[in-house]
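Report on the following structure.
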Amino acid sequence: MTQGNENGRANVESLQSYYRFHSAIYDITRWAFLFGRGAILAEAAKFATPRKILEIGCGTGKNLLSLHRMFPDADLTGVDISSHMLQLAERKLLRTGASARMHEKAYSGPMAEGSFDLVLFSYCLSMINPGWEDALLAAKKDLSPDGVLAVVDFDGTNHAFFAKWMAVNHVRMERHMADFLRDHFRTRLFGRKKAYGGLWDYFLFVGAKG
Ligand SMILES: C[S@@+](CC[C@H](N)C(=O)[O-])C[C@H]1O[C@@H](n2cnc3c(N)ncnc32)[C@H](O)[C@@H]1O
């Protein structure tokens with residue numbers, strides 16, 4: 001086993017145990033932190049009318065539900081490492097008559113190459129440490145030729161105490177993703193935004209495959 005695999009497995013296990021507790025309070029707390037989730041869907045919709053959609057780290061299904069409302073005929077797939085989060089997502093979708101294929105797994109390789117018109121990462125990549133680059137390269141393979149990648153996530157903070165607190169919550173805030181995204185995808189949109197007057201910033205990215 002390589003060091004990367006070992007660290008990757010440790011990351012998955014500690015996130016699974018984190019979300020065993022946090023799944024119960026996720027929806028009532030995260031609206032105050034995870035900004036831009038509605039905006040990234042609206043931005044992605046300017047570049048694609050997707051028939052097949054994949055969300056990596058779909059959590060409790062907020063985005064899948066919004067995507068169902070935006071694209072009622074689209075086929076939805078969600079991937080997440082946490083059975084607790086997925087159960088909540090399934091219930092949420094069921095309640096509204098929507099459905100999605102759900103996969104409980106760590107996303108490190110493609111699901112179905114060339115087949116998704118939209119792949120979304122919403123506040124997921126900053127938690128995949130190590131392995132966020134592999135996840136993006138897998139997403140590139142999963143995208144259809146005209147497919148669109150959409151990412152919203154924490155970017156960075158100038159406040160050491162806050163970076164430490166976010167690390168406790170498994171989030172890496174080192175402005176490490178933007179260059180990689182721009183190098184591996186054709187940028188359609190990139191924007192940084194401040195949260196709480198600059199306590200941290202987050203970014204929105206929409207990119208094409210080639
Ligand atoms: C902050 S939550 C975001 C949930 C949802 N996307 C949202 O915007 O509300 C991050 C989610 O990513 C999942 N996750 C973390 N690492 C993952 C991986 N390697 N593969 C798939 N899901 C992962 C976590 O279990 C968690 O549900």
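Atoms within a ligand are numbered from 1 in the order they appear, just like the ligands themselves. Predicted model only: the values in this text are computed from it and were never measured. Every heavy atom of this structure was used, including side-chain atoms; hydrogens, water molecules and symmetry mates were not.
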Checking one residue: L54. Which other hydrophobic residues are in its cluster under the side-chain 4.5 Å linking rule?
I56, V79, Y107, M111, F116, V119, F121, L125, I128, W132, L136, L137, L143, L149, V151, M177, F180, L181, F185, F190, F203, F205
Judged by atom type as modelled, is there a donor-acceptor pair below 3.5 Å linking the side chain of K209 to the main-chain atoms of K140?
yes
Closest heavy-atom contact between L64 and G78?
CD1-CA, 4.1 Å
Ignoring hydrogens and angles, tell me if any N or O in the side chain of S126 forms a donor-acceptor pair with the backbone of Y123 under 3.5 Å.
no
Could you list who else is in F21's hydrophobic cluster, with ILVMFWY side chains joined at under 4.5 Å, directly or through other members?
I25, I28
Partners passing side chain to side chain contact (heavy atoms under 4.5 Å, CB included) against L41 (at least two apart in sequence or in another chain)
N63, S66, L67, M70, L120
Show me the short polar-atom pairs for ligand 1: any N or O of it lying under 3.5 Å from a protein N or O, with distances only.
{"unit_1": "ligand 1", "atom_1": "6 (N)", "unit_2": "E55", "atom_2": "OE2", "d": "2.8"}
{"unit_1": "ligand 1", "atom_1": "6 (N)", "unit_2": "G57", "atom_2": "O", "d": "2.7"}
{"unit_1": "ligand 1", "atom_1": "6 (N)", "unit_2": "S122", "atom_2": "O", "d": "2.9"}
{"unit_1": "ligand 1", "atom_1": "8 (O)", "unit_2": "N63", "atom_2": "ND2", "d": "3.1"}
{"unit_1": "ligand 1", "atom_1": "8 (O)", "unit_2": "S122", "atom_2": "O", "d": "3.4"}
{"unit_1": "ligand 1", "atom_1": "8 (O)", "unit_2": "S122", "atom_2": "OG", "d": "2.6"}
{"unit_1": "ligand 1", "atom_1": "9 (O)", "unit_2": "Y26", "atom_2": "OH", "d": "2.8"}
{"unit_1": "ligand 1", "atom_1": "9 (O)", "unit_2": "R37", "atom_2": "NH1", "d": "2.7"}
{"unit_1": "ligand 1", "atom_1": "20 (N)", "unit_2": "Y107", "atom_2": "N", "d": "3.1"}
{"unit_1": "ligand 1", "atom_1": "25 (O)", "unit_2": "D80", "atom_2": "OD1", "d": "2.6"}
{"unit_1": "ligand 1", "atom_1": "27 (O)", "unit_2": "D80", "atom_2": "OD1", "d": "3.2"}
{"unit_1": "ligand 1", "atom_1": "27 (O)", "unit_2": "D80", "atom_2": "OD2", "d": "2.7"}

